[in-house]
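A short write-up of the structure that comes next.
Every value quoted in this text rests on a predicted model; they were computed, and no experiment measured them. Note on naming: letters A, B, ... go to the chains in the order of the sequence lines (proteins, then strands), and numbering restarts at 1 for each one.
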Amino acid sequence: MEGERSFSDVCGGRLVLQCRYYSPSCREFCVSCPRLSLRSVTAVTCSVWLAAYGLFILCENSMILSAAIFITLLGLLGYLHFVKIDQETLLIIDSVGIQMTSSYASGKESTNFIEMSKVKDVVINEAIYMQKVIYYLCILLKDPVEPHGISQVVPVFQSAKPRLDCLIEVYRSCQEILAHQQAASASP
Amino acid sequence: MVLKAFFPTCCASADSGLLVGRWVPEQNSAVVLAVLHFPFMPIHVKELLAQVQQASQVGVAVLGTWCHGWQEPNESLGPFLEGLGAIFPHEPWLQLCRERGGILWSCKVTRLQAPAVPDTPREDQVMLIFYDQRKVLLSQLHPPAVLPDHQAGDATASASGLAAVFDTVARSEVLFRSDCFDEGPVRLSHWQSEGVEASILVELAKWASGPVCLLLAGLLSLISAASTCRVFRMWPLSFLGSKLSTCEQLRCRLGHLTLVFSPQKAESPTQLMRKANTLVSVLLDVALGLALLSWLHGKNRIGQLADALIPVADHVAEELQHLLQWLMGVPAGLKMNRALDQVLGRFFLYHIHLWISYIHLMSPFIEHILWHVGLSACLGLTVALSLLSDIIALLTFHIYCFYVYGARLYCLKIYGLSSLWRLFRGKKWNVLRQRVDSCSYDLDQLFIGTLLFTILLFLLPTTALYYLVFTLLRLLVVAVQGLLHLLVDLINSLPLYSLGLRLCRPYRLAAGVKFCVLEHETGRPLRLLMQINPLPYSCVLHTYRLPSCGCHPKHSWGSLCRKLFFGELIYPWRQRGDKQD
Amino acid sequence: MACRRGGGHGQPTLATLSRVSPGSLSTCRTHTHNICMVSDFFYPNMGGVESHIYQLSQCLIERGHKVIIVTHAYGNRKGIRYLTKGLKVYYLPLKVMYNQSTATTLFHSLPLLRYIFVRERVTIIHSHSSFSAMAHDALFHAKTMGIQTVFTDHSLFGFADVSSVLTNKLLTVSLCDTNHIICVSYTSKENTVLRAALNPEIVSVIPNAVDPTDFTPDPFRRHDSVITIVVVSRLVYRKGTDLLSGIIPELCQKYQNLNFIIGGEGPKRIILEEVRERYQLHDRVRLLGALEHKDVRNVLVQGHIFLNTSLTEAFCMAIVEAASCGLQVVSTRVGGIPEVLPENLIILCEPSVKSLCEGLEKAIFQLNSGTLLTPENIHNIVKTFYTWRNVAERTEKVYDWVSMEAVLPMDKRLDRLISHCGPVTGYIFALLAVFDFVFLVFLRWMTPDSIIDVAVDATGPRGAWTHQCSHSEKGGENNEMSKTR
Amino acid sequence: MMCTQPITNTKEAKWQKVLYERQPFPDNYVDRRFLEELRKNIYARKYQYWAVVFESSVVVQQLCSVCVFVVIWWYMDEGLLAPHWLFGAGLASSLLGYVLFDFIDRGEGRKKSGRTRWADLKSALVFITFTYGFSPVLKTLTESVSTDTIYAMSVFMLLGHLIFFDYGANAAIVSSTLSLNMAIFASVCLASRLPRSLHAFIMVTFAIQIFALWPMLQKKLKACTPRSYVGVTLLFAFSAFGGLLSISAVGAILFALLLISISCLCPFYLIRLQLFKENIHGPWDEAEIKEDLSRFLS
């Protein structure tokens, strides 16, 4: 079953949450931000170039123009490759683990897989972020030495910060799978 | 709980047969290692498994049956496969099947011990996870898990989850030795290691490396023994050795070589990696050095360099002279005390004069010195670079002297002024309580204090200016040396081998795994593809960078600025107070 | 600290709350409030204000209100924490300037505070302690946002020197349009009314309280062979440590069976040590150093007489705690101390060594002649005086009154500032208020209230805590951890 | 707002200023006795006009000494005053003052402080030698610094000297050490502008005499023989006025006005403004400790 719903992030921008239920034991949630709009790119580029041209007028040195072009290109590449995250995916597989993939605008993907044996729980938590107080979904990792402690907190959907309603959506279905997992591990 | 069946991709197209693999009860997953084709003698199968088991402490067993779609599906096959379950009793018994289409997979799990519940809901919960046997076999998980002790057969119980799978595959390598072309009693299909000839060469290299290592290690031990003998312990030599960066570099290289050629073999993969990295960096270093050497000794470049060097030194000295002349005038319209200005200026000018004569004294020998220095490049580029930095330090010794004089003078002034300023305000520094107390001075104390304060205050700008100028010069030199040291450290500590490995064989260094869901239709088991998640370059650098051996200034920027302001000496000669702490 | 009061009061209070009727004692308890306590001083910092805020909040939660606390970050204790009964504490990452009071620019705290007020749907801001810059900021912003404000003043202030003149001016500005002010004693009320030029009608007197169950007498811990005088206070000038350094030798020379136990830390400790050195009193004067709040009782019960030498006090918690432990209290007659205990429990003296020594001798005489009440009696009398329940009820009434008032709109507020705080200051702060308002409008434009998530109530009528709904995302194990990025 | 409170039986119940009893009044009840302990101006002092004028003479003295110093410096800078003359006069006056210093209180002060004549001689020698030794340095010290800078600095320093001088008030900023140091600093600055090093030497010694020794003598005079003190003050003031008059009439007039305003008008205003004083006291004040507790530690 596929579900695609539209939410908004903490800054008011719109997000799209896609839920894919492959099987009762495997679900995928994919939060995708709007892609980089051509308008903003052109705006930034034009402003930089205009500034460069102004400098060029001041001191007749064509180095500035070439440097400006170079800088804008490099900046755009760097932005697309390292900064702009288009899509964040949370794949949760019963008794295998949780996998978080964030795919950049340039197509580069960085994946982080957490085994289910390490996962203690998935919770929604509050944090002070910049000048806001936001909710965020996070995965609590077991402390290997003592089972009730928490060794680490891994935030999910870190770049696109969805609002509470969206998080609750994800949280519920994660909890279903985790509950099923705990029941199964308890019974044998 | 879901049953996970790890299935090698290379067996997906194999003929029907038995699934040979290991059953991991902890997270109830079946790791299929190979497919054993029909026809076979059960007795042969059993002894093969026995061999494998005692060779590689892994509980290898027949997990179930595998039937591939393009034999005609006859009804007799079903019960026959059931019967096999009786011959090779295993719990649970998998029946993996791939239909004609090639994409329709089905898997059936039966538990003989539970006839009462023929199909409990967890029977149909099967997950097929495909993995690339070769990559999993060769890859090395990061961070490395606890080393499984090789006595117990089920040592992998300690290794959790996927580490267990990796470990199983890695340790059942003997199973993959058997080639599918040789006519054994049983035919297996699994990953085949290709390129046998290359492996022969590797064997030869391994066989040869032992004695070579022994020989070199002996030599190195001799050298190190020589370097640590008493002669070098005596005062001037040891002092120089600690100050000259060349000696540092040589010492460091010696350590590297001893590490590389140490006869005992590395037990853990990290140590192996470390050895490889060191070897590669040494080789690269020497190669660069030789290139430099060839370039230098071609077309009498040394001579040109030597001829160029003396004028440069002269020029530097002259520039300094001009600078001093400027300072002795009214530099930038600053109000300086003329008398003190003249004194300082003459003093420094005399120094420069000494320096120039010194340079001219040794000008005839420069070329030979340079020639010998150039030879040192065959020990590696880093040695040459550190020698260069030492030479720079020697050639700019006068700047260093100026800096020291200026700093001392300025320091004295600053401390005097600060204490006199306290007296001016009628306070004094209480040493016991570490704070400023108010205290009542006598009249004459006050008078003399204020007199000195006034004089020092009016003389401060002059000394401060001299100090500033020479500090800037000194900082310039230090920066150049720092750049050289940075370069040397880069060559020393870059883990080139690991980086190359990451570049060409990404799966060798695994940060973990990632799954992607293959297309899935209802009623069929879920199929996942397990891929190796390579280690990011930053982690590679962080994990494998070699310990750098350089003599850097250890203090931070803030403390550096503080020291500069208070006129304390900075790198490399420290003050006594710094030595203590 | 968080688990001092075990749960269990919660349900009965809620029950009464549910069947409260308009005709009953509490006149307008028909609706509950969302209260936000703001102060720079809160746990892990220890002191009177801190425990006041904590206990008051706990009792208000019992009575079914929603309470949150906003303070600044202490060390690595940042972000959001939950204490007993889901008392939610925001530790905001603001810079600390001078003894635990944040630096104020009057503006930089607005974005976070506004976000919190909006997401928690706060209806009443209750600031504590005139020394806390954050409290004043919160008052200022709350008025700009049109939220009712209450302020509790815990301290007295003179009128003599320049610094006090300035601080009083600031207090005038900050309180001139605050809806209601709470003082801890009548003296404090008079002081505050004079300092901030207030209408005494809007100043209520609600004393502090102590938890009588924490301070119970234990006569067997004290040795009746010797007389022990206990002093528990910070060793600073304002607490009269210099007087103490005069009293100790006087009495120790007069009475051979007299011991002193002095708990507390501070810059003046050194003079006590000098006195002890000089008069060879190491065996009779014990300096315990800094005390945890939970250890105070164990120290108090070891003594017969409690000595308080403060030079100024709004409401002295220490003497109430001591009396509750069954000690005879000897104290200076300063500030609000005469109002705190009846004459038969306290001996009041002038702030001078001579007078205090006389008072102590009187107490010792009574002790020897056995005319003192037994600790149990004293405890039973004091127990009824000050309870947090009572404080909470009275504070609640204040909230009810305030919630029925109207917050001054911007123009009226400016008029009031200009007319009330003198020409210069008035205009300056009116200008600042306008800036604040503009800044608020800007923030509202940047992040409209509509896109601020409403926080899940931990306490209050729909609190996830009060009806333990563990499936809601607040229940569960995440309530003691938080992160600040 | 408060009418919501049911105020019951207030007639018989009387409000008490205690916290430990539940009283049948609302929490914000304001009694008649509210603020009855408020006191005003209990520590206010009454001033006598002539007493204040007498006290103000210290300020006049200091102003005059600064003025005299500047005048003398100007004379030397102009070359109208030969250094030997100044040196002789200074030496004579200081010897005279020294004798006077012991004669006034017949040596009690000396006995109290336990300072021997040998110590005096020593410090005198120290002054002389150091000043003489450093005078060439002083001469060349500030030659590269522009004259205006020097003037500005010395004016600033002399003002500081006047501000921080110990006029007998116990305020926080009073620091006799600082004021003396500032005066010496100023004198050194000015001395370094004089034509020859001998001038500088003499200028600095004169500065010490007038800024360090003269106030000590003044204090003693004021303590012991107030009458003569007033006389001396008047004399000094007139001499300063005269000296200034010889340089510039306007400056002299202004200086005279300043002195008059300080010694006559300011006390008048002080006494006038006393009437408007309103100082609030009450139980909330921080009690100050009357008796000195140092006896327990000494």
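The aromatic rings of B/Phe458 and D/Phe185 lie parallel to each other, their planes meeting at an angle below 30°, with 60° marking the opposite boundary.
Contact annotation: the side chain of D/Thr131 approaches that of B/Phe447 to within less than 4.5 Å [non-hydrogen atoms, C-beta and beyond]. Between D/Val188 and B/Ile455, the closest side-chain pair of non-hydrogen atoms is not below 4.5 Å. Within the 4.5 Å cutoff, the side chain of B/Thr450 has no heavy atoms near those of the D/Leu180 side chain.
Ranked by heavy-atom pairs under 4.5 Å with chain B, the first of D/Val126, D/Leu178, D/Val204, D/Leu138 is D/Leu178. Here D/Leu141 is the residue among D/Val137, D/Thr140, D/Leu141 with the most heavy-atom pairs under 4.5 Å with chain B. Most heavy-atom pairs under 4.5 Å with chain D, from the set B/Thr454, B/Leu340, B/Leu423: that is B/Thr454.
Using a 4.5 Å cut-off between heavy atoms, D/Thr149 makes no contact with chain B at all. Heavy atoms of D/Phe134 lying under 4.5 Å from chain B belong exclusively to its side chain. Both the backbone and the side chain of D/Val145 come within contact range of chain B, with heavy atoms under 4.5 Å apart.
Here the straight-line distance linking atom CD1 of B/Ile448 with atom CZ of D/Phe127 works out to 7.5 Å at 0.5 Å rounding. If you take OG1 on D/Thr177 and CZ on B/Arg425, they are separated by 11.0 Å, rounding to the nearest 0.5 Å. How far NZ of D/Lys122 is from CG of B/Asp444: 8.5 Å, rounded to the nearest 0.5 Å. Atom OG of D/Ser123 and atom CD of B/Gln445 lie 10.5 Å apart (nearest 0.5 Å).
The number of heavy-atom neighbours closer than 6.0 Å to OH of D/Tyr167, taken from other residues, nucleotides and ligands shown, is above 12. With a 6.0 Å radius and a threshold of 12 heavy atoms from other residues, nucleotides or ligands, B/His353 has its NE2 atom at or below the threshold.
Interface residues of residues 207-221 of chain D toward chain B, defined by a heavy-atom distance below 4.5 Å and sorted by number: D/Ile208, D/Ala212, D/Leu213.
Sequence neighbours left out, the pairs with a member in residues 73-120 of chain D that pass ring-ring contact (aromatic ring centres under 6.0 Å, His included) are D/Trp73-D/Tyr151.
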